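Keep in mind the model is a prediction, meaning the values are calculated, not measured. Every number for a ligand or one of its atoms is a count from 1 in the order of the listing.
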Amino acid sequence: MLKAFGSANITAPSYAQCRGPREVAFIGTFGEGVLSPERTDIRDTRCLVLIGSHLGENMHNGQVQEMSDAIDKGATIITVDPRFSTAAGKSKYWLPIKPATDMALLLAWIHVLIYENRYNRSFVEKHTYGFDELKAHVASYTPEWAYGITTIKPDLIRKTAYEMAGAAPATIVHPGRHVTWYGDDTQRLRAVAILNALLGSWGQRGGFYNPDKVHIPHFKSPKYPKPKHTWREAFPGKYKLADMALASGICDATIPSIERDCSLKAWIVNGTNLLSTLPDKKKTIEAIQSLELLVVIDTMPMEITGYADVVLPECTYLERYDMLRSSPHREPSIALRMPAAEPLYDSKPDWWIAKELGIKLGLEKYFQYDNIEEVLDWQLKQLGSSLDEMKKIGVKKFPREFDDLYMDLNEDFEFNTNTGKIELYATSFDDEGYDPLPVYKEHEQPPEGYYRLIYGRAPMHTFSRTTNNPNLSELMDENTLWVNPKVAKTWDLKNDQYIWLENQDGVSSPNSIKVRITERIRWDSVYMVHGFGHTDRRLSRAFKRGVADSDFITRVHVDPVMGGTGMRGNFVTFLFNAPSVGKGGKA
Ligand SMILES: Nc1nc2c(c(=O)[nH]1)N[C@H]1C(S)=C(S)[C@@H](COP(=O)(O)OP(=O)(O)OC[C@H]3O[C@@H](n4cnc5c(=O)[nH]c(N)nc54)[C@H](O)[C@@H]3O)O[C@H]1N2
Ligand SMILES: Nc1nc2c(c(=O)[nH]1)N[C@H]1C(S)=C(S)[C@@H](COP(=O)(O)OP(=O)(O)OC[C@H]3O[C@@H](n4cnc5c(=O)[nH]c(N)nc54)[C@H](O)[C@@H]3O)O[C@H]1N2
Ligand SMILES: [Mo]
């Protein structure tokens, strides 16, 4: 509907608040992204390196199942995390790194592989570009240098590098998924990509496979008009390698500025709770208040619906058809989502909402069908199936077009980069004025009396959207604040005590959080699960339960390469009494 209307401002938080830096870094190195689901061949890996990827708490289901298979087959797991995550508990090595220093560790690993001759020489010679530049670049990045920064001992850095090299090419230095941490995230992920290239794991069994997917034909529709304005106008000359619209950028493009003659005036927000999703809530609210119209499509009364001029209630995924799912994988497959029950009340599926809005906007020529079954059946018949067949089987697998799950190393291979090689030295970054080789930059550490706020997932919950679900809230109905015993002692904190938090900018939350004292977190950081601390009363089970990490993410470190919003540069201190709304006095 938006494309028919002439808008190119279509975005999702899964880019600039999630995996965008990873895709840009891998495209810059290998000419291809990691994609979703990730092309990691975890099933057959012999060494899996997780850098702040907390698989097992992050229930990326396919990867978690494959990781447990890999563990059964004796794979080595190396986990780098300031917190003893569930994955760390399954690991041969846990590297409790000082937060925000991962780049130093990555560069030291690269140094060891190169200077101690542990890299895959034939792979590097045949398939990569810029080895000599890389070698010179990492000359001084020794494990001894990294120790002073990361607190990880040099012999542990060496041992883990040898372990990776020993298992290569069946080694995965996992690129992670939510990687918008400190603002130099694309460069950190470039270092991850380079490590994988040195290990020769790209395109190899137990490393990264080459996925294939089914192309679902578009239902007939006239050509969409060319948009007159795009979000990019708000950022002349910035974020040059962003290949998708930025959800955070839409906010900037909405807040009026004398530098632009055009700002966005209306939003349709479908299935994203922006107040808990975007950092810098004040800016999100400012953008919302600059709008002439905010339409929200949601299934529940979430924070975002409270700001809407119009709420269009969508029925849930169990009550509707959605567009066919086709995802890249070892075997291409498609999946159908179909209704198991009638929608309740006046709720409608989003295809119906889009079509009816389209008709009211005079765009009926783009919606030449009566219902979604007609579209799905037409698409499926082009693929040699039908809606009837898919209703019975749900998922259909297709043969791969080519026998190229793994790269044949004897063949010449042209990568989709400027040089046709895997670019250890990224010429596309150089062209746009970004560092072509990843450089270590120091990040701010917490001021005295403050602790770095880090956050993650709990296995039973999905972001902020499930915390009011009756079954899931029974499993976990509030988040807790992980605090190291040393810190608890200093502050005289007791287990299960409720406290309030205030960040470096004096911002606090009206909600309190329960203290969990545990050795599983470093003394310089505190940890909480994202998605709690709801403020809408109608969420009867989640209202005021736990604290929202997003309340404290007022400082954002924006990635200059692609506009990702680094959210882990915020620090909190403890309050023993409820703060007065928004601003708190210290205990
Ligand atoms: N159950 C569940 N699973 C999910 C989701 C969900 O909502 N619920 N969401 C899915 C989505 S969209 C995403 S993007 C993924 C996110 O999951 P991931 O990509 O795995 O994780 P992150 O949230 O980036 O990282 C969380 C981990 O990073 C650690 N960490 C914090 N700071 C640092 C640091 O400076 N260095 C290092 N090395 N580690 C650090 C934290 O202690 C924590 O263990 O999860 C997916 N899976
Ligand atoms: N502070 C902080 N911010 C983060 C993260 C974090 O860990 N901490 N994680 C980041 C990451 S990795 C991601 S991917 C994003 C995710 O961000 P979002 O996708 O915005 O996640 P939710 O907060 O769960 O918001 C989902 C909204 O969709 C609604 N919804 C659920 N099902 C349906 C449906 O079928 N139809 C419609 N129309 N609506 C539905 C829910 O009620 C809810 O309002 O957040 C990012 N932002
Ligand atoms: Mo994400």
Side-chain angles (χ1 to χ4, degrees), residues 12-20 22 36 38 50-61 63-64 79-88 95-103 105-106 150 174-182 185 188 247-248 269-279 281 296-305 312-320 322 337 347 349-350 353 443 452-468 472 482 520-522 525 527-531 534 536 539 548-553 565 567-568 570:
S14 47
Y15 188 73
Q17 283 67 49
C18 180
R19 62 194 171 85
R22 175 188 91 179
S36 184
E38 284 71 4
L50 299 172
I51 303 164
S53 313
H54 57 332
L55 284 175
E57 288 155 291
N58 149 11
M59 285 311 285
H60 199 126
N61 197 18
Q63 294 192 63
V64 175
T79 295
V80 183
D81 198 310
R83 186 181 64 100
F84 189 76
S85 61
T86 301
L95 280 56
I97 196 166
K98 183 191 230 177
T101 67
D102 296 74
M103 182 71 109
L105 173 67
L106 292 163
T150 60
H174 198 292
R177 187 172 174 102
H178 171 58
V179 290
T180 46
W181 297 354
Y182 303 109
D185 305 301
R188 187 182 71 248
S248 37
V269 175
N270 182 15
T272 169
N273 188 18
L274 292 179
L275 282 311
S276 73
T277 301
L278 296 179
K281 196 179 278 192
V296 174
I297 304 172
D298 208 295
T299 51
M300 283 194 294
M302 300 292 268
E303 283 71 20
I304 185 69
T305 62
L312 300 175
E314 183 169 25
C315 55
T316 69
Y317 71 95
L318 293 170
E319 302 163 318
R320 65 180 195 232
D322 274 335
R337 174 176 278 170
S347 63
D350 66 355
I353 296 173
H443 294 296
R452 185 183 298 276
L453 176 63
I454 58 180
Y455 52 80
R457 310 283 180 240
M460 68 293 274
H461 282 297
T462 305
F463 312 114
S464 76
R465 75 182 69 164
T466 56
T467 37
N468 200 53
L472 302 178
W482 294 36
R520 291 176 58 184
I521 181 93
R522 281 176 60 105
S525 306
Y527 174 82
M528 67 171 72
V529 168
H530 167 66
H534 279 289
D536 194 309
L539 298 169
D549 57 345
S550 44
D551 280 352
F552 306 101
I553 304 178
T565 54
M567 311 202 277
R568 297 231 164 113
N570 289 271

[X] neighbourhood, listing ligand 1 atoms whose heavy-atom distance to it stays under 4.0 Å:
X    : value
C18  : 14 (S)
T462 : 6 (C), 7 (O), 8 (N)
P459 : 1 (N)
S53  : 20 (O)
Y455 : 26 (C)

For [atom], which protein heavy atom lies nearest, and how many Å away is it?
atom                    : answer
atom 28 (O) of ligand 1 : G52 O, 3.2 Å
atom 42 (O) of ligand 2 : D298 OD1, 2.6 Å
atom 35 (O) of ligand 2 : R320 NH1, 2.9 Å
atom 15 (C) of ligand 2 : T277 CG2, 3.8 Å
atom 14 (S) of ligand 2 : F463 CZ, 3.6 Å
atom 8 (N) of ligand 2  : D549 OD2, 2.9 Å
atom 36 (N) of ligand 2 : E314 OE1, 2.6 Å
atom 40 (C) of ligand 2 : T299 OG1, 3.8 Å

Of the backbone atoms (N, CA, C, O) and the side-chain heavy atoms from C-beta on, which set of [X] has a member under 4.0 Å from an atom of ligand 2: side chain, backbone, both, or neither?
X    : result
T466 : neither
H530 : side chain
R457 : side chain
E319 : neither
M567 : side chain

Ligand 1 to [X] polar contact by distance, N or O atoms, under 3.5 Å:
X    : value
D81  : yes
I454 : no
G456 : no
A100 : yes
H461 : yes
A458 : yes
I51  : no

Taking both backbone and side-chain atoms of [X], is any N or O found less than 3.5 Å from an N or O belonging to ligand 2?
X    : answer
T316 : no
Y317 : no
N273 : yes
S464 : yes

Have a look at [options] and point out the one with the heavy atom closest to [atom].
atom                    : options               : result
atom 32 (N) of ligand 1 : W181, W482, F84, Y182 : Y182
atom 4 (C) of ligand 1  : M59, R452, R22, Q17   : M59
atom 13 (C) of ligand 1 : R19, R465, R177, H54  : R177
atom 39 (N) of ligand 2 : C315, S14, G271       : G271

If you take all heavy atoms of [X] and [Y], which pair is closest and at what distance?
X    : Y    : value
I353 : P313 : CD1-O, 4.3 Å
P349 : C315 : N-SG, 3.5 Å
P13  : T277 : CB-CG2, 3.3 Å
S525 : I454 : CB-CD1, 4.2 Å

Do [X] side-chain atoms and [Y] backbone N/O form a donor-acceptor pair below 3.5 Å?
X    : Y    : answer
R568 : W181 : no
R188 : V179 : yes
S85  : G52  : no
R457 : M59  : no

Side chains of [X] and [Y]: does their closest heavy-atom pair fall under 4.5 Å?
X    : Y    : value
L312 : N270 : no
P82  : Y527 : no
M567 : S550 : no
M302 : D536 : no
D102 : I97  : yes
L106 : I51  : yes
T86  : H54  : no

Within ligand 2, which atoms have a heavy atom of [X] less than 4.0 Å away?
X    : result
S550 : 1 (N)
M302 : 42 (O), 43 (C), 44 (O)
M300 : 42 (O)
I553 : 1 (N)

Polar contact flag, side-chain donor to acceptor under 3.5 angstrom, [X]-[Y]:
X    : Y    : answer
S464 : N273 : yes
Q17  : T180 : no
R177 : S36  : yes

- Note on the structure: So for D102 against ligand 1, with non-hydrogen atoms under 4.0 Å, the contacting part is side chain

- What part of P99, side chain from CB on, backbone N/CA/C/O, both or neither, has a heavy atom under 4.0 Å from ligand 1? both

- Query: Salt-bridged, E38 to R22, with N to O below 4.0 Å?
  - Reply: yes

- Query: Quick one: does S525 get a heavy atom under 4.0 Å from ligand 1?
  - Reply: no

- Query: Hey, does E57 sit under 4.0 Å from ligand 1 if you only count heavy atoms?
  - Reply: yes

- Query: Could you go step by step and tell me if V529 and H461 meet the side-chain contact (heavy atoms from CB on, under 4.5 Å) rule?
  - Reply: CA-CA 9 Å; V529 168; H461 282 297; 5.7 Å; no

- Message: Exactly one of E314, R320, E319 should register a side chain to side chain donor-acceptor pair (under 3.5 Å) with T316. Which one does?
- Response: E319

- For the residue pair H530 and F463, does the interplanar ring angle fall in the parallel (under 30°), tilted (30 to 60°) or perpendicular (over 60°) class? perpendicular

